[in-house]
Protein chains: 2
Amino acid sequence: MRLSTKGRYAVTAMLDLALNGQDGPVTLADISENQGISLSYLEQLFAALRAKKLVRGVRGPGGGYFLGREADEISIANIICAVDEWVEFTRCQGKQDCRGGQRCLTHSLWDDLSRQIYDFLEEITLADLVERGRNSDAGCDRHKGDQLLDEMTGKAA
Amino acid sequence: MRLSTKGRYAVTAMLDLALNGQDGPVTLADISENQGISLSYLEQLFAALRAKKLVRGVRGPGGGYFLGREADEISIANIICAVDEWVEFTRCQGKQDCRGGQRCLTHSLWDDLSRQIYDFLEEITLADLVERGRNSDAGCDRHKGDQLLDEMTGKAA
DNA sequence: ATTATAACTTAGTAATTTACTAGGGAATTA
DNA sequence: TAATTCCCTAGTAAATTACTAAGTTATAAT
């Protein structure tokens, strides 16, 4: 089990697709600028996401990326697993002896926890996040950037 | 938000304390051998845990470490935070502009998720893990270490 | 057809984090 | 006094992260 900034990059990039992929594909160049992640690093992340069919690429001019499935069919666990490959279960696999059960016991307790976290993240989908964000008026502090923000998001001034 | 092998080390070490700290303190040397973590690395981890009052050290011969509070008063979030210092909230803090709301929106959605994970881990205590492990018969493959393990966990043979 | 676009691929690298080694000091017990 | 164990600092090898560079391939527009 692992959860790092790499996973965060992947999730926010996928959120970007979920939010902006309605009318046509989203280019990595766009995401790069939106999220402040280098283009080439994004390409690496998306290679992993593509391998797990979480995104679908379209080449050529006007191309870009779509979500590989509906947003409510993609869990956070799916995304994290794709880029962080957390198959880090410590079920003392033969090699490492159990040191009288003590090490093995704590490992097994950790595995239980790891499983709980996985199940938790498996239940949260991209669609959930977008939906909850919409409801709770989650946005940045609306102080001075209001006009600019409203212009871009299409709200009336 | 972050969750790495460092956090796992900290949690399993704390589990070690919870399991073996009933009758007297547990030495880092014991934990080192139990968990297969280098002594000096453990000292670094415990420096962080000590700073957050999650453990209490006793010096001198016969010394070692106790839990700083009762096992049901120590959450997994407490432990992870102590060693991984995940204060990694991306609430675009003035410096980084919002790029027309787009970056800020996904960041805020991530923060929501991060908060959800935190709340989840805040609800799980060391005592919970130990208890659930006992109930679900979580141990290693019960082949040869049975008697020894049963002795330690106090089960009848 | 040619050209521009944007996905794909590979190799290399700076920066950071992880996990450890080494060498001590300070408190406490025997 | 001596042994033990926590405590502290500095240095370092290994791994990971995040990026740069330099391409190739597929597709759409001209």
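Labels below follow one simple rule: chain letters A, B, ... track the order of the sequence lines, proteins then strands, and each chain is numbered from 1.
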**Q** Can you measure B:Leu3 atom CG to C:dT18 atom P for me and round it to whole angstrom units?
**A** 12 Å
**Q** Looking at every non-hydrogen atom in both residues, tell me the closest pair between A:Leu42 and A:Ala13 and how far apart they are.
**A** CD2-CB, 4.3 Å
**Q** A:Phe66 has an atom CZ; how far is it from atom P of C:dA6, in whole Å?
**A** 13 Å
**Q** Rounded to the nearest angstrom, tell me the gap between atom CD in A:Gln35 and atom C1' in D:dA18.
**A** 15 Å
**Q** Atom CD1 of A:Ile37 and atom C1' of D:dT17: how far apart are they, to the nearest Å?
**A** 13 Å
**Q** Between A:Thr5 and D:dA18, is there a side-chain N or O to OP1/OP2 distance below 4.0 Å?
**A** yes
**Q** Expressed in angstrom and rounded to an integer, what is the separation of A:Asp30 atom CG from C:dT5 atom C1'?
**A** 13 Å
**Q** Can you tell me how far P of C:dC8 sits from CD1 of A:Ile31, to the nearest Å?
**A** 12 Å
**Q** Given side chains that start at C-beta, do those of B:Leu121 and B:Ile117 come closer than 4.5 Å, heavy atoms only?
**A** yes
**Q** Would one find more than 12 heavy atoms of other residues, nucleotides or ligands at under 6.0 Å from atom CD of B:Glu70?
**A** no
**Q** Are A:Val55 and A:Phe66 connected in the hydrophobic side-chain network, where two residues link if heavy atoms are under 4.5 Å apart?
**A** no
**Q** Which residue pairs pass the ring-ring contact (aromatic ring centres under 6.0 Å, His included) test when at least one of the two sits in residues 4-23 of chain B, sequence neighbours left out?
**A** none
**Q** Might you point out which heavy atoms bring A:Thr125 and A:Ala71 nearest each other, and give the distance in Å?
**A** CB-O, 3.6 Å
**Q** From NZ of A:Lys6 over to C1' of C:dT16, roughly how many Å is that when rounded to an integer?
**A** 14 Å
**Q** Over how many whole Å does the gap from A:Tyr9 atom OH to C:dT16 atom C1' extend?
**A** 12 Å
**Q** Using nucleotides 5-10 of chain D, report all nitrogen or oxygen pairs with the protein that are shorter than 3.5 Å.
**A**
unit_1: D:dT5; atom_1: O4'; unit_2: B:Gly60; atom_2: O; d: 3.4
unit_1: D:dC6; atom_1: OP1; unit_2: B:Leu28; atom_2: N; d: 2.9
unit_1: D:dC7; atom_1: OP2; unit_2: B:Arg50; atom_2: NE; d: 2.9
unit_1: D:dC7; atom_1: OP2; unit_2: B:Tyr65; atom_2: OH; d: 2.3
unit_1: D:dC7; atom_1: N4; unit_2: B:Glu43; atom_2: OE2; d: 2.8
unit_1: D:dC8; atom_1: OP2; unit_2: B:Arg50; atom_2: NH1; d: 2.9
unit_1: D:dC8; atom_1: N4; unit_2: B:Glu43; atom_2: OE1; d: 3.1

